[in-house]
Number of protein chains: 2
Amino acid sequence: MRMTEETRLPQPDLATVEIGTVLQALADPVRLQIVRLLDTVGEAPCGALELPVGRSTVSHHLRTLRESGLVETHLRGNTRVSRIRGEELERRFPGLLPSVLGARPAAQGTAAADGGEGER
Amino acid sequence: MRMTEETRLPQPDLATVEIGTVLQALADPVRLQIVRLLDTVGEAPCGALELPVGRSTVSHHLRTLRESGLVETHLRGNTRVSRIRGEELERRFPGLLPSVLGARPAAQGTAAADGGEGER
DNA sequence: CGACATCTACGATACACATCGAACCTCTAT
DNA sequence: ATAGAGGTTCGATGTGTATCGTAGATGTCG
């Protein structure tokens, strides 16, 4: 029957991953949303992620996330189940993911022009 | 005499800044290095930052950092002194900057191909 | 076996942006 | 006032990459 056979897709050792790589991976809006989704649902097949982009694009982003060490993907039968490498990430970059995922949405205008008194 | 007169350049209210904007600002290698430098030296005039890019490019990056809420810049006489908005950032995104600045450099190869046992 | 579903790989396209050099601006000092 | 130092702005250029559609690979079910 061999249906619950799990194979993990190739992924980097987190010790070899720079913080800049992780930040770059998290910088894309779609990828950030993927990480948020995976964080809430725990794990999900690629197709179950509801995103405003095409399937091939999601696949590409998941590859980026995997290659940057953020996500691991298991082949479970016909589908690929992805999940955040939570514990490993916490060891490598303590507090990073919690702070990102815990960030509350901004209030009002995305970018205010001023905050002081010295405008021209 | 008017030489120690300080004027702050326009900057956004951190409450209106999205986490994605901050991550995008930190994603660039040069900007990340600027943030690291400012974190170590406390504050610095734009020209004192030793970076592998031209002056105008540094200026551009500092603008990006300022508009994303990461850095504040004061006009002190003839020079512009920049500094990280540490306390405000810690209130808005607790733990984010410490985790980024505290990250240790990667060991060896920047990106390993595999990390598990299930390669083909 | 053959049809279907899931996902990835491949080109191709378009847009964002990092970078530079030169011109310009604003203070300071002479 | 004139010159100079410190930074910014502008226009142009090149590269990286997010996106899409289609084709191909792998596994499941009838």
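Letters go in sequence order (proteins before strands), and every chain restarts at 1. Values below: every heavy atom of this structure, side chains too, minus hydrogens, waters and symmetry copies. Please read these numbers as outputs of a predicted model, since none were measured by experiment.
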Rounded interatomic separation in angstrom, taking [atom1] from [X] and [atom2] from [N]:
X: B:L65; N: D:dT8; atom1: CG; atom2: C1'; value: 15 Å
X: B:L62; N: D:dG6; atom1: CG; atom2: P; value: 16 Å
X: B:L9; N: D:dG7; atom1: CG; atom2: C1'; value: 10 Å
X: A:H61; N: D:dT17; atom1: NE2; atom2: P; value: 12 Å
X: A:H74; N: C:dT6; atom1: NE2; atom2: P; value: 21 Å
X: A:L75; N: D:dT28; atom1: CG; atom2: C1'; value: 14 Å

Which residue lies more 5' along DNA chain D, comparing B:R66 with A:V53 via nearest heavy atoms: B:R66
For A:R92, side chain to side chain donor-acceptor pair (under 3.5 Å) partners two or more places apart: none
Pairing residues for A:R91 by the side chain to side chain donor-acceptor pair (under 3.5 Å) criterion, not counting sequence neighbours: none
Minimum-distance nucleotide to [X] side chain [options: [options]]:
X: B:H60; options: C:dT19, C:dA9, D:dT26; result: C:dT19
X: B:N78; options: C:dT19, D:dG6, D:dT19; result: D:dG6
X: B:R63; options: D:dT9, C:dT6, C:dT8; result: D:dT9

Taking side chain as C-beta onward, heavy atoms only, is [X] less than 4.5 Å from [Y]?
X: B:I34; Y: B:L37; result: no
X: A:V35; Y: A:L65; result: yes
X: B:L49; Y: B:L38; result: yes

If you restrict it to nitrogen or oxygen atoms, what contacts under 3.5 Å exist between nucleotides 21-23 of chain C and the protein, and what is each distance?
{"unit_1": "C:dG21", "atom_1": "O6", "unit_2": "B:S56", "atom_2": "OG", "d": "3.3"}

Among all residues two or more places apart in sequence or in another chain, which pass the side-chain contact (heavy atoms from CB on, under 4.5 Å) test with [X]?
X: A:P45; result: A:A48, A:T79
X: B:T73; result: B:L9, B:R66, B:V71, B:R80, B:S82
X: A:V53; result: A:V30, A:L51, A:T57, A:V58

side-chain hydrogen bond (donor to acceptor under 3.5 Å, both in side chains) pairs, two or more places apart, involving residues 28-42 of chain B: B:R31-B:H61
Contact residues, residues 24-45 of chain A to DNA chain D [heavy atom, < 4.0 Å]: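 Going residue by residue through residues 24-45 of chain A, the ones with a heavy atom under 4.0 Å of DNA chain D turn out to be A:Q24, A:D28, A:V30, A:R31.
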Qualifying residues under salt bridge (Lys or Arg N to Asp or Glu O under 4.0 Å), relative to B:R85, sequence neighbours excluded: B:E88
Counterpart residues, salt bridge (Lys or Arg N to Asp or Glu O under 4.0 Å), relative to B:E43 (two or more places apart):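 For B:E43, the residues satisfying salt bridge (Lys or Arg N to Asp or Glu O under 4.0 Å) (neighbours in sequence not counted) are B:R76, B:R83.
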Degree of bending, the helix from C:dC1-D:dG30 to C:dT30-D:dA1 (end axes from five pairs; round to 10°):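 One end's axis against the other's: 20°.
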